[in-house]
Peer 1: 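Before we start, here is the structure in question, set down as structure tokens.
Residues take their numbers from the sequence shown, with the count starting at 1.
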Amino acid sequence: MYPVSPATYSRPRAEPPAVEAMGPEKEAQSAGAGSMADPVQLEQCRQRAADTIELEAEPLSALSRDIWSQPELAYKEHRAHERLAGFFSSREGWRVERRYKLDTAFRAEWGAAAPAVHVGFLCEYDALPGLGHACGHNLIAEVGAAAALGVKGALEDLQPPVGVKVTVLGTPAEEEGGGKIDLIQAGAFDGMHVVFMAHPGQEDAAYLPDVAVHDMLVKYQGKSSHAAAYPWEGVNALDAAVLAYNNVSALRQQMKPTWRVHGVITNGGVKPNIIPSYSELEFSVRASSRRDLVILQDKINACFKAAADATGCRMELSPISHTYYNVLPNKTLAKTFLDNGKKLGMKFTTNELVLNNVSGSTDFGNVSFVVPGIHPYFYIGSEALNHTEAYTEAAGSKEAQFYALRTAKALAMTALDVIFKPDLLQIINEDFKMMKQIEDDDSNVLAKVRESSGGAGSASR
């Protein structure tokens, strides 16, 4: 959803240089032992990808601005959905399924029907209530579309053709609901080898620790009565809500530093002279891993149940949406993106507070458990924080376009590395399996993630 750590230092921003040609000898070393990569051809493809994105800069900017100017909420992104589906339908070679699994999801494909490598790019486009695109999802849509166009532009004229498929998925309802999880369950990611998306933030970072989150609705049913004449006849549901809130507050002293719980009372009664017969709370529970999330959730549920027992109310507990998993890091994929981004002039943060602090949550986390993927963050020319009015303005600015398209080039170049370097894809898959194993086997997941991910794609933190 968003990174919560603000930028804590300033740095110069510069126009990116042209894609740096590494030279055959250096590229062969970079490709790794036993790689089948043709370094000259790969470098040519990188440049063609960047050139293609530059040629499409104006329509991509118009696409982003159009989505930004008319924000739509989760599962209701009808205009943005049609705009994106139409964008790919108007371009030669793309096979587009406009209503893919969900009313506001789409799938656009180019390339081989039975590919050796299948790369996916994700577009988000839902907005926040009252704030519009304060998380920059219009830019996520633009970056995903641009990177896909770049890869196609790099590969479409190669002879002989490469066995590659490029898929763009329009994924609705990230802010609320979890559209990517709906699509996982519908089989949308089956057969993909690697998935890419990038999220606007305050810094360039190849990886930030997005955490697992579960949203729940708590209802207490009591019994109304006259609050002055015979209160003993009532069962006070508001008391249950207040006790539940306070129980959670008392628990905070025993919470791990990476755990987060936040909630509101959304219904507390009608009038003060009526014992409230009904109350309602909404809570979000976050933890650094799926495993820790289950532990914390059990503790929070005990707080809710204790409030019901103390007041005599009946409790009903239900999820508000899908549970979002933490994003699994992939150190090889992150390092590849970081290297490509640096060639384009991206200034990746080395600030430990940014790199190690608990961040937000995203349904891309669930995707990262079913296919290797990357979810980097990128600077957009503003120090404003996500989910604020200032960030809404920044996400629609002309300045943000430079940074969004630069990020799209870095994603496209990273995808080309995966396509041209079989050994690289093998290592990416090994990283993916290792991180899943750590998640399943070790309760201290966050420490292992930090040790294994190397920070934002770097050698150490």
Side-chain angles (χ1 to χ4, degrees), residues 1-3 53 56-91 98 102 104-106 108 121-150 168-180 196-204 360 362-364 375-412:
M1 289 180 183
Y2 59 96
I53 292 170
E56 293 277 9
E58 188 173 335
L60 285 164
S61 177
L63 173 69
S64 175
R65 181 73 184 186
D66 197 16
I67 295 170
W68 177 88
S69 65
Q70 298 195 45
E72 299 165 299
L73 301 183
Y75 296 113
K76 299 178 182 178
E77 316 95 326
H78 298 288
R79 193 177 186 281
H81 163 265
E82 286 301 313
R83 184 73 170 82
L84 280 157
F87 180 85
F88 282 98
S89 294
S90 67
R91 278 157 176 76
R98 286 179 176 265
L102 301 169
T104 55
F106 73 91
F121 294 94
L122 307 187
C123 297
E124 293 177 8
Y125 34 89
D126 63 321
L128 288 158
L131 289 174
H133 281 287
C135 213
H137 288 194
N138 60 302
L139 298 174
I140 296 176
E142 178 183 8
V143 168
L149 293 182
V168 182
L169 282 181
T171 61
E174 188 275 339
E175 292 291 354
E176 183 178 0
K180 294 182 191 64
F196 301 89
M197 69 168 283
H199 198 297
Q202 290 74 49
E203 301 289 345
D204 292 323
T362 170
D363 56 357
F364 184 88
H375 183 270
Y377 286 86
F378 63 98
Y379 176 78
I380 67 169
S382 172
E383 305 302 327
L385 300 180
N386 299 64
H387 289 216
T388 65
E389 291 86 350
Y391 208 85
T392 301
E393 182 179 353
S397 70
K398 184 178 180 180
E399 185 179 9
Q401 289 303 302
F402 166 78
Y403 300 103
L405 294 181
R406 181 172 68 175
T407 303
K409 293 173 188 176
L411 284 183

Peer 1: What closest approach, in Å, do A145 and L63 show between heavy atoms, and which atom pair accounts for it?
Peer 2: CB-CD2, 4.4 Å
Peer 1: Examine distances only and state if a side-chain atom of N138 and a backbone atom of A395 form a donor-acceptor pair shorter than 3.5 Å.
Peer 2: yes
Peer 1: Quick check on side chain to side chain contact (heavy atoms under 4.5 Å, CB included): which of E399, R406, K398 does F402 satisfy it with?
Peer 2: R406
Peer 1: Check each of N386, T362, T407 against H199 using the side chain to side chain contact (heavy atoms under 4.5 Å, CB included) test, and report the only one that passes.
Peer 2: N386
Peer 1: Taking T392 for its side chain and L131 for its backbone only, find out whether a donor-acceptor pair lies under 3.5 Å.
Peer 2: yes
Peer 1: Mind running side chain to side chain contact (heavy atoms under 4.5 Å, CB included) on L149 and F88 for me, showing each step along the way?
Peer 2: CA-CA 9 Å; L149 293 182; F88 282 98; 4.1 Å; yes
Peer 1: Could you tell me which residues satisfy salt bridge (Lys or Arg N to Asp or Glu O under 4.0 Å) with R83, sequence neighbours excluded, listed by chain and number?
Peer 2: D66
Peer 1: For a 4.5 angstrom cut-off between non-hydrogen side-chain atoms, does P59 reach R91?
Peer 2: yes
Peer 1: To check you understand the geometry: which heavy-atom pair defines the closest contact between P71 and A127, and what is its length?
Peer 2: CB-CB, 3.5 Å
Peer 1: Say whether, by atom type as modelled, one donor and one acceptor occur between the side chain of R98 and the main chain of F106 under 3.5 angstrom.
Peer 2: no
Peer 1: Verify, without hydrogens or angle tests, whether E77 (side chain) and Y75 (backbone) share a donor-acceptor contact under 3.5 angstrom.
Peer 2: yes
Peer 1: For S397 and A394, indicate whether the former's side chain and the latter's backbone hold a donor-acceptor pair under 3.5 Å.
Peer 2: yes
Peer 1: For A404, is there any backbone N or O sitting under 3.5 Å from a side-chain donor or acceptor partner on E142?
Peer 2: no
Peer 1: Provide the closest heavy-atom pair for A147 versus A412 in the form atom of the first, atom of the second, distance.
Peer 2: O-CB, 3.7 Å
Peer 1: With a 6.0 Å cut-off (strictly less than), is the heavy-atom count around CD of E82, excluding the residue itself, greater than 12?
Peer 2: yes
Peer 1: Which heavy-atom pair separates I380 from Y403 by the least distance, and what is that distance?
Peer 2: C-CD1, 3.5 Å
Peer 1: Kindly say whether D126 contributes a backbone atom to a donor-acceptor pair with the side chain of E175 at under 3.5 angstrom?
Peer 2: no
Peer 1: If only atom types and distance count, is the side chain of Y391 paired as donor or acceptor with the main-chain N or O of G201 below 3.5 Å?
Peer 2: yes
Peer 1: Does the H137 side chain pair with the main chain of P172, one donor and one acceptor, at a distance under 3.5 Å?
Peer 2: no
Peer 1: Is there a donor-acceptor pair closer than 3.5 Å between any side-chain N or O of E203 and the backbone N or O of Y379?
Peer 2: no
